[in-house]
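This report refers to the structure that appears directly beneath it.
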Amino acid sequence: MTIRIAGGRVIDPAHGRDGIGDVWIGDGRIIDAPPSGTADATYDAAGKIVMAGAIDVHSHVAGWNVNTARLLLPEFHRAAAPRPAATPLSNAGWSTFATGCLYAQMGYTTVVEPAVLPHYALHAHLELADIPIIDKATLAVLGNDDFLLGLMHGREGAAAIRDYVAWTLDATHSLGIKVVNAGGSIALKDNVRQFSFDDVVPQYGVTSREIVKALQRAAHEAGVPHPLHVHCNNLGMAGNVDSALATIAAAGGLPLHLAHLQFYGYGKEGPRGFSSAAVRLAEAVNGAKDVTIDVGQVMFGQTVTISLDTLRQFNARHQARPRKWVMLEGEANGAGIVPYEYRASDFYNAVQWAVGLELFLLIDDPWRVFFTTDHPNGAPFTTYPEIFALLMDRDRRAQQIATLPPDAMAVTTLPAITREYSLAEIATMTRAAPARLLGLADRGQLGPGAVADVAVYADERDRAKMFRAAALVFKDGELVVRDGAVTHYRWGRALGVRPGRDRAIDQRMTRYYEERFGLSDAFLKVPEHAIGRPQPFELVACAR
Amino acid sequence: MARAWIGGKPVALERALAEAAELLAASRCPLIAGLGTDVAGARAAIGLAERIGAVVDHMSADVLLRDLAVLREAGMMLTTPSEARLRADTLLLVGPSLATDAPELARWLGLDGSRRHAAAGQRAIVRLCPGRTAPPIAGETRVGRDPDQLPILLAALRARIAGRPAGKTGVAIKAVADLATLLKASRFGVAVWSARDLDPLAIEMLCGIVADLNAHTRFTGFPIAAGDNAVGVLQACGWMTGFPMRTGFGRGYPEHDPWRYDGARMVAGREADCVLWISAFRTASPPWRDGPPVIALTRGEVALDGAPSVQIEVGRPGVDHDSVEHLAQLGTLVAVAATQRSETMSVAEAVAGIVRALPGAGPGEVAAGSPTRTRAKFSTEAAR
């Protein structure tokens, strides 16, 4: 089956391409135009924009935490009762099935669930398997787990940590490693209520900094393409820019990814002791070439925060809107689920909204800043098209700024920023750069051999409308969306890496699970046959 | 070899599957109940429910929904049995049913003297209203005796923890005050309860005590998970529909209502006119005497109360075939390898067989005009 997408404006930053032309698909891959010049099917893309399928590097779409949020908030579910389309989260889609469809309709074809505790990996993969159409991946969360902290406490050295990281990635079929408030969650179990980068974890005698550095090095030396994905300390607190700056400074020449940086962009200036520190943060990112970040943009409306940062969620529990929340403290991080409503009339929420946009606009390299709302923590992923539009149009920003509390805007620089993103920069930030960040060589681009994930958009003046409903979306060369509606259902795969390791770690983990839990470590593994679909997994190559 | 019966007489499997499909297709209000199955079985059953517009319920939903009612009205702080064993310096064991509902609780919590985390140190064990016949646990303190004292005792305890006076509870005021002092002095306390012993208001009071204690120290808890993989089925139902069990598809999209979609009530009210009863972990009978035709997917040829119209033998998950189910000790879904692998069908396979036999749907096809066709967004079955 040869497909020709004909005559669109093809924007493919990975190959420096931006011009009118064709994209050819054969057997699920991008191909050169065949010598015959004939296609089995031709789609007219004249006047349309053609990009690779988009990749989301950080979106909480599956697992115990997400599912508990669903069960906590039945009243937000679309089908709880017939209700107008504009009611809270009515368009967020709270079944796995809706999640896949909604992503595909926007031209997204790969999504990373970034918060999977190893003990809950099978659950997460079962949910991912029920997300249709798109491909998925998980990041395994370490850094508050007894085994790692025990290794560090015992000064066992980098090789042992590297083997443990490799074992975890294999057991959980994950694409990378994330650390969430390193040491902070386990410290909370000892009733520690504030925890910073150089604080010491009780009973283990290691600092947050040491945990981050050890995992960063282990991921790098194991050859995991995606650098350590860091959720810093002190999320959401006034003055927490220092935590992010300290973490950036600690990168030390090795790659490091900082998640949802917006939530760390706060100073203590201004009459309310809460201000934007985006300028300082963006400067630091611009100067630290090994550091990448995603934003975690806030948009106004009802949402629910879902995080493995139990310390943060515990401290935020009294701010729950509506007033109910769930905390889990199991092995390692645990999880906290706190519903929240970002209000345009709220000073703090308005500052948060501005900080995210400032970071987007003040960080100059679109290859190092990624597009997220930390779904659903800043906003549901369905708000992405609106954010694209805000980044691409300063007038649209000015209109919204005019509706927000002036004292909030006064403690940010957003009103003075004139930069507008180009379509090529949007394509870089959502396609080419995430593929590079995650080590997905055959995605996020339209060169021959790439996976035929292609999104075609009408070139509308209203960029939000354009990105909300793709004209055509192809996944692995199959047409799955037409005119913003899903036309074909299929099942994607979960991407993972399997770095080499000294197999002695396997016996050690077996012993550890028997001693600590009285259980086989087999319970913690994600066997392919348990997923219940054919070929649910795909392996991504490691650097070594 | 799969065994099947129609009206108690052995028949070929294909014949039983066809009869089941015919009954379900003819039903105006089908009910899928029992639902004692692994995650694959639950996924298949929920897919079938969407396909035929059925209601899904679980045999332990009454108990499970008491905890869930509190979770979604007020929220909850939770931990796992394993973390409780490793960390807790105080265990607050509430009510008389813990050992019955979780026979392994003593091992999970290290009450039998098994290994514990060295840092946990000395541990206080308090049993609140354990009943008259509960065997003792080494080192325990008992407060209250009969479970009907629990609601008032929990209320008094919460008042004392908050420094407010409390009225008469049937338990000595000093015992309540001492317990409040002990709980506040805990470093990492864990409350354990079974929703069988408590109504939602009492559970909310207990969870309120836990939350209040966190103003100054750390305290958490866990309910005993209901049986027959109720939590595993709950999770699958949650991600597939957004809702727990007691969800119906009669209108083509999922609607949840704990009262309206209570299977026993639907049978008693003569609303359900055909039941698919699933009990793969054991052979539990439906909790009603008279009712509509029953298609039973159960282990072996064990007589149910009231002969089912169709009975199809299925294997036990994790014994006859690999399964995914909730492991209460870790509080998560795990893959369980078959211990005595057999040819017996799984629930998922049996349901798939029924789906294949539904009128108008060949293998891999979606029936024209079925709700799934227009609602491809949701369905598992529509996906090919």
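In what follows, chains carry the letters A, B, and so on, assigned in the order in which the sequence lines appear, proteins first and then strands, with residues in each chain numbered from 1.
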Should the pair A:Asp190-B:Arg218 be classified as a salt bridge under the 4.0 Å nitrogen-to-oxygen rule? no

Is it true that, when you exclude A:His529 itself, more than 12 heavy atoms of the residues, nucleotides or ligands shown sit nearer than 6.0 Å to its NE2?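 Yes, NE2 of A:His529 has more than 12 neighbouring heavy atoms, counting only those of other groups under 6.0 Å.
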
Over 12 foreign heavy atoms within 6.0 Å of CZ, B:Arg187: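 Result for CZ/B:Arg187: open.
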
Please flag which part of [X] lies under 4.5 Å from any non-hydrogen atom of chain A: side chain, backbone, both or neither.
X: B:Gln329; result: side chain
X: B:Leu71; result: both
X: B:Leu330; result: both
X: B:Ala74; result: backbone

Among the options B:Leu68, B:Val324, B:Val334, pick out the one with the most heavy-atom pairs lying under 4.5 Å from chain A.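 With the most close heavy-atom pairs to chain A, the winner is B:Val334.
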
Kindly indicate whether the side chain of [X], heavy atoms from C-beta on, has any atom under 4.5 Å from the side chain of [Y].
X: A:Glu329; Y: B:Glu83; value: no
X: A:Leu122; Y: B:Thr332; value: no
X: A:Arg516; Y: B:Leu86; value: yes

Nearest-0.5 Å distance, [atom1] of residue [X] to [atom2] of residue [Y]:
X: B:Leu78; Y: A:Trp64; atom1: CG; atom2: CH2; answer: 5.5 Å
X: A:Phe314; Y: B:Met77; atom1: CZ; atom2: CE; answer: 5.0 Å
X: B:Asn214; Y: A:Arg193; atom1: CG; atom2: CZ; answer: 6.0 Å
X: B:Met240; Y: A:Leu126; atom1: CE; atom2: CG; answer: 11.0 Å
X: B:Trp239; Y: A:Leu71; atom1: CH2; atom2: CG; answer: 11.5 Å
X: A:Glu127; Y: B:Leu333; atom1: CD; atom2: CG; answer: 9.0 Å

Residues 518-528 of chain A side chain polar contacts: donor-acceptor under 3.5 Å, at least two apart:
unit_1	atom_1	unit_2	atom_2	d
A:Ser520	OG	A:Ala522	N	2.9
A:Asp521	OD1	A:Thr510	OG1	3.4
A:Asp521	OD2	A:Thr510	OG1	3.2

Step by step, work out the side chain to side chain contact (heavy atoms under 4.5 Å, CB included) result for B:Arg43 and A:Asp130. CA-CA 10 Å; B:Arg43 281 163 95 186; A:Asp130 275 350; 2.8 Å; yes

Which of A:Lys189, A:Glu331, A:Arg323, A:His119 touches chain B most, by non-hydrogen pairs under 4.5 Å: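 Sorted descending by pairs with chain B, the first entry is A:Lys189.
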
If you count heavy-atom pairs under 4.5 Å with chain B, which of A:Gly330, A:Ala530, A:Gly100, A:Ala121 comes out on top? A:Gly330

Please classify the contact between A:Leu188 and chain B as side chain, backbone, both or neither, with a heavy-atom cut-off of under 4.5 Å.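 Both backbone and side chain.
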
Would a distance-only check, ignoring hydrogens and angles, find a side-chain to backbone donor-acceptor pair under 3.5 Å from A:Lys324 to B:Arg72?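 Yes, A:Lys324 side chain to B:Arg72 backbone: donor-acceptor pair under 3.5 Å.
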
Would you name the heavy atoms of A:Tyr120 and B:Thr80 that are closest together and state the gap between them?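 Distance-wise, the nearest heavy atoms are OH-CG2, 4.1 Å.
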
